Amino acid sequence: MFSPHLLVVPVGSNVSFPNADPFFHNVFSLFDGKRFDLGLYEAGSMRTVLFSREGVSYIFCNIHPEMSAVVLSLATPFYSVADAFGNFQIGSVPSGEYELHVWVEGGQQSALNDLTRRVRITNESTDLGEIRLGAQKEQHHLNKFGRPYEPESKPVY
């Protein structure tokens, strides 16, 4: 598994993908944030990716379909990740007008766009109100060649 499952980094960050397992991995992403394919790499080795532009990168392993992660590369220091109850706080935001964007894994882009709103931040605590997005469907991904993963009768390890 990838740990953490969700990682938020500033644009220009390097993210390491160590292989601490006793078998090979092939980490890749074909999405809008950063496209890459790290190829096969063995236990005890590590590969690094530079996230040079803003976007969402869904990360998978071409060998292990159950492995998934998300890297959000942002051009702003003002973000937060919700806790298990859906609560979040964004601290140290200067007073002013901002555009609030919401991202939820598995969320339909049109529904996420509908949640975008202008907010006014003041010196006092600002309540952004309730932000609701309907239930998300579990999504299955394809391998790096755009095909379903081969069924495996049982793992070889």
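None of these values were measured; they are calculated from a predicted model. For the numbers below, each heavy atom of this structure counts, side chains included, while hydrogens, waters and symmetry mates do not.
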Counterpart residues, side chain to side chain contact (heavy atoms under 4.5 Å, CB included), relative to [X] (two or more places apart):
{"X": "T48", "answer": "N14, S16"}
{"X": "E130", "answer": "R132"}
{"X": "T116", "answer": "E99, H101"}
{"X": "D21", "answer": "N19, F23, H25"}

| Looking at CG of L142 and CZ of R147, how far apart are the two atoms once the value is rounded to the nearest 0.5 Å? | 10.0 Å
| note | So CD of E66 and CE of M1: to nearest 0.5 Å the spacing works out to 9.5 Å
Donor-acceptor under 3.5 Å ([X] side chain, [Y] main chain):
{"X": "S57", "Y": "K34", "value": "yes"}
{"X": "S29", "Y": "Y58", "value": "yes"}
{"X": "S80", "Y": "Q89", "value": "yes"}

| Who are the ring pair (Phe, Tyr, Trp, His ring centres under 6.0 Å) partners of Y98, not counting sequence neighbours? | none
| message | So, using ring pair (Phe, Tyr, Trp, His ring centres under 6.0 Å) as the criterion, who are the partners of Y79 when residues are at least two apart? | response | none
| field | side-chain hydrogen bond (donor to acceptor under 3.5 Å, both in side chains) against N123, all qualifying residues, sequence neighbours excluded | value | S95
| request: Could you pull out all residues at least two apart from Q109 that satisfy side-chain hydrogen bond (donor to acceptor under 3.5 Å, both in side chains)? | output: N113
Would you kindly confirm whether [X] and [Y] end up in one hydrophobic cluster when ILVMFWY residues are joined by side chain heavy atoms under 4.5 Å apart?
{"X": "L38", "Y": "V9", "result": "yes"}
{"X": "V11", "Y": "V8", "result": "no"}
{"X": "L115", "Y": "L6", "result": "yes"}
{"X": "M46", "Y": "L50", "result": "no"}
{"X": "V56", "Y": "V15", "result": "no"}

| Any side-chain heavy atom of L30 sitting closer than 4.5 Å to one from F60? | no
For [X] and [Y], which heavy atoms make the closest approach, and how far apart are they?
{"X": "T126", "Y": "R120", "answer": "CG2-O, 3.5 Å"}
{"X": "P94", "Y": "S92", "answer": "CD-O, 3.4 Å"}
{"X": "F17", "Y": "V27", "answer": "CD2-CG1, 4.1 Å"}
{"X": "P65", "Y": "I63", "answer": "CD-O, 3.5 Å"}
{"X": "I59", "Y": "F2", "answer": "CG2-CZ, 3.8 Å"}

| note | Joining Ile, Leu, Val, Met, Phe, Trp and Tyr whenever any side-chain heavy atoms lie under 4.5 Å apart, the cluster holding F145 also takes in none
| query | Please, which pairs that meet side chain to side chain donor-acceptor pair (under 3.5 Å) have at least one residue in residues 36-47, sequence neighbours excluded? | reply | N26-D37, D37-K144
| said: For a side chain to side chain contact (heavy atoms under 4.5 Å, CB included) check, start with the C-alpha distance between I131 and R117, then their side-chain angles and the critical distance, and finish with the verdict. | reply: CA-CA 10 Å; I131 300 170; R117 59 179 86 164; 3.5 Å; yes
Tabulate below the donor-acceptor pairs under 3.5 Å that side-chain atoms of residues 67-76 make, not counting sequence neighbours, or state none.
unit_1: S73; atom_1: OG; unit_2: R53; atom_2: O; d: 3.2
unit_1: T76; atom_1: OG1; unit_2: F78; atom_2: N; d: 3.1

| said: Could you walk me through whether L7 and F51 satisfy the side chain to side chain contact (heavy atoms under 4.5 Å, CB included) test, starting with their C-alpha distance in whole Å, then the side-chain angles of each, then the deciding distance to 0.1 Å, before giving a yes or no? | reply: CA-CA 12 Å; L7 181 64; F51 286 82; over 6 Å; no
